[in-house]
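Shown next, in structure tokens, is the structure this report addresses.
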Protein chains: 2
Amino acid sequence: MKLIEAKQQFISSWGAFGTHWGINRTMAQIHALLLISPDPLTQDDMMEELNISRGNTNMNIRELINWGLVERVLLSGERKEYFTAEKDIWKVVKQIVKERKKRELEPMLQLLDKLEAVEGDKRDKHIKTFVDTVVSIKKLGKQADKTLDTMIKAEESWFVSSLMKMFK
Amino acid sequence: MKLIEAKQQFISSWGAFGTHWGINRTMAQIHALLLISPDPLTQDDMMEELNISRGNTNMNIRELINWGLVERVLLSGERKEYFTAEKDIWKVVKQIVKERKKRELEPMLQLLDKLEAVEGDKRDKHIKTFVDTVVSIKKLGKQADKTLDTMIKAEESWFVSSLMKMFK
DNA sequence: CCGAATTTTCAATAATTATTGAAAATATAT
DNA sequence: ATATATTTTCAATAATTATTGAAAATTCGG
């Protein structure tokens, strides 16, 4: 397979992958393109490679910057802005986990805390099932939260070697 | 907070949560409703509680069955079908992980295997960056795949106690 | 400060995805 | 076998989300 074709496939499947994870296709494709580009790219480079409009490109680049996955690069003597993606995949994964934890897991845990305090007789099976469900989700969620915190601090080498042994 | 209000909030936030994870809102809401229902429900029960059409309810129940999260229950003397959700949250999480691994992670790893074999001189920086990226994603992905396999087999007690210690 | 290059915004539009509801298919009791 | 209850399908429609492109704002060299 030629590079040009392999790039296409990588970008398009990264885009499809993203859509299964609540990330829009274009954002994932821009990320993919930057991941495999040896040098920083401009907006125009990306527009051309991916056949997307200027507005779309701009909005998604900024979203990637918000996620901490892409950063602006200043090239001396150049008027245009250049962009580059973090290439260390372990860092990328940690960054995504960190953001999603903050945006989704933490608010969910807060809500569950409130819901656990529902009024009523705990002997009523409707109350009991509700509280039991909320408590068990909360318990697992808190556990996941702590585990992810540890992961976010960890080195990749730790993940690959130690965790693997642990999981015997 | 009264039960009726707490239920509403639980269902609606579980629905919103789902949409961030590539699951449609209705499917997540049906799942939420079944999780907090002490007894099995019929399609009509769900339609009424969630204010959704028969077709929508039916399709999403079947999708939940495909995911292994909901099952049909036969109630003796009843003509209608009843449905119930797995209440053990750890089992629910494992089931979701198992399905997503099969549907998304494994196909991605297969693709990366193909892409790694791209033609060309590895000293060309375009080729090199591409291959390096593919290889590092593949490495991490394979690791995650194995780790998730172990998790799928694990008991919740193991997760809550042992894993926690491990993560110091 | 001026003017050109570049970036950002956002209303309009397109594309995608979810939902409805009625008809068709299926199951069951008598 | 027939009538009735129940489930399933799916074309039409609605709702949501993504994308465009041109105008406005900003940046920067001179």
Side-chain angles (χ1 to χ4, degrees), chain A residues 11-34 40-67 69-84 103-104, chain B residues 11-34 40-67 69-84 103-104:
Chain A
I11 290 167
S12 114
S13 86
W14 202 251
F17 204 66
T19 60
H20 286 131
W21 289 87
I23 287 157
N24 93 46
R25 177 178 261 87
T26 302
M27 183 170 150
Q29 290 189 346
I30 291 174
H31 187 223
L33 176 61
L34 286 172
L41 302 179
T42 64
Q43 281 199 28
D44 292 83
D45 294 334
M46 302 180 209
M47 286 165 60
E48 194 178 344
E49 282 265 9
L50 304 174
N51 285 297
I52 53 179
S53 70
R54 182 172 304 285
N56 196 9
T57 309
N58 189 272
M59 287 169 84
N60 283 292
I61 290 173
R62 273 180 307 112
E63 194 60 13
L64 283 163
I65 292 173
N66 286 342
W67 275 79
L69 298 173
V70 163
E71 59 182 28
R72 277 170 227 273
V73 175
L74 297 167
L75 255 66
S76 58
E78 289 276 3
R79 177 79 175 264
K80 285 187 176 177
E81 290 180 322
Y82 283 76
F83 300 91
T84 191
R103 296 171 191 213
E104 294 155 33
Chain B
I11 290 167
S12 113
S13 86
W14 201 253
F17 204 66
T19 59
H20 286 130
W21 289 87
I23 288 157
N24 93 48
R25 176 178 262 88
T26 302
M27 182 171 153
Q29 290 189 346
I30 291 175
H31 187 224
L33 176 61
L34 287 171
L41 302 179
T42 63
Q43 280 198 30
D44 292 84
D45 295 333
M46 302 181 211
M47 285 165 61
E48 194 178 343
E49 282 265 8
L50 303 175
N51 284 296
I52 53 179
S53 71
R54 182 172 305 283
N56 195 10
T57 308
N58 189 274
M59 285 169 86
N60 282 292
I61 290 173
R62 273 180 307 110
E63 193 60 13
L64 282 163
I65 292 173
N66 286 342
W67 275 79
L69 298 173
V70 163
E71 59 182 26
R72 276 170 227 273
V73 175
L74 298 168
L75 255 66
S76 57
E78 289 277 2
R79 178 82 173 265
K80 285 186 176 178
E81 289 182 322
Y82 283 75
F83 300 92
T84 190
R103 295 172 191 213
E104 294 155 33

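In what follows, chains are A, B, ... by sequence order, proteins preceding strands, each numbered from 1.
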- Query: Start at the 5' end of DNA chain C and walk down; is the nucleotide closest to A/D44 or to B/I23 reached first?
  - Reply: A/D44

- Message: Base, sugar-phosphate or nothing for A/R54? Non-hydrogen atoms, less than 4.0 Å.
- Response: base

- For A/N24, which contact category applies under a 4.0 Å heavy-atom criterion: base, sugar-phosphate, or nothing? sugar-phosphate

Can you measure [X] atom [atom1] to [N] atom [atom2] for me and round it to whole angstrom units?
{"X": "A/M46", "N": "C/dT8", "atom1": "CE", "atom2": "P", "answer": "11 Å"}
{"X": "B/K80", "N": "D/dT8", "atom1": "NZ", "atom2": "C1'", "answer": "16 Å"}
{"X": "A/E81", "N": "D/dA25", "atom1": "CD", "atom2": "C1'", "answer": "14 Å"}
{"X": "B/N60", "N": "C/dG21", "atom1": "CG", "atom2": "C1'", "answer": "16 Å"}
{"X": "B/M47", "N": "D/dT8", "atom1": "CE", "atom2": "P", "answer": "13 Å"}
{"X": "A/H20", "N": "C/dT16", "atom1": "NE2", "atom2": "P", "answer": "14 Å"}
{"X": "B/R25", "N": "C/dT19", "atom1": "CZ", "atom2": "P", "answer": "8 Å"}
{"X": "B/Y82", "N": "D/dT6", "atom1": "OH", "atom2": "C1'", "answer": "12 Å"}

- Query: Quick one: are A/F83 and A/I65 in side-chain contact, heavy atoms under 4.5 Å?
  - Reply: yes

Between [options], which nucleotide gets closest to the side-chain atoms of [X]?
{"X": "A/S53", "options": "D/dT6, D/dG21, C/dT7", "answer": "D/dG21"}
{"X": "A/T26", "options": "D/dT19, D/dT8, C/dT19", "answer": "D/dT19"}
{"X": "A/Q43", "options": "D/dT20, D/dT9, C/dT7", "answer": "C/dT7"}
{"X": "B/R79", "options": "D/dT7, D/dT9, D/dT6", "answer": "D/dT6"}

Is [X] close enough to [N] that one of its side-chain N or O atoms is under 4.0 Å from OP1 or OP2 there?
{"X": "B/R62", "N": "D/dT9", "value": "yes"}
{"X": "A/N58", "N": "C/dT8", "value": "yes"}
{"X": "B/N56", "N": "C/dA18", "value": "no"}

- Measure the spacing between CD1 of A/I30 and CD of A/E49 and express it to the nearest 0.5 Å. 12.0 Å

- What orientation do B/H31 and B/W14 show, parallel under 30°, tilted 30 to 60°, or perpendicular over 60°? tilted

- Task: Scan side-chain atoms only and decide if A/R62 and A/N58 contain a donor-acceptor pair under the 3.5 Å cut-off.
- Result: yes

- Message: Under the criterion side-chain contact (heavy atoms from CB on, under 4.5 Å), I'd like the reasoning laid out for B/R54 against B/D44: C-alpha separation, chi angles, the key distance, then a yes or no.
- Response: CA-CA 8 Å; B/R54 182 172 305 283; B/D44 292 84; 3.0 Å; yes

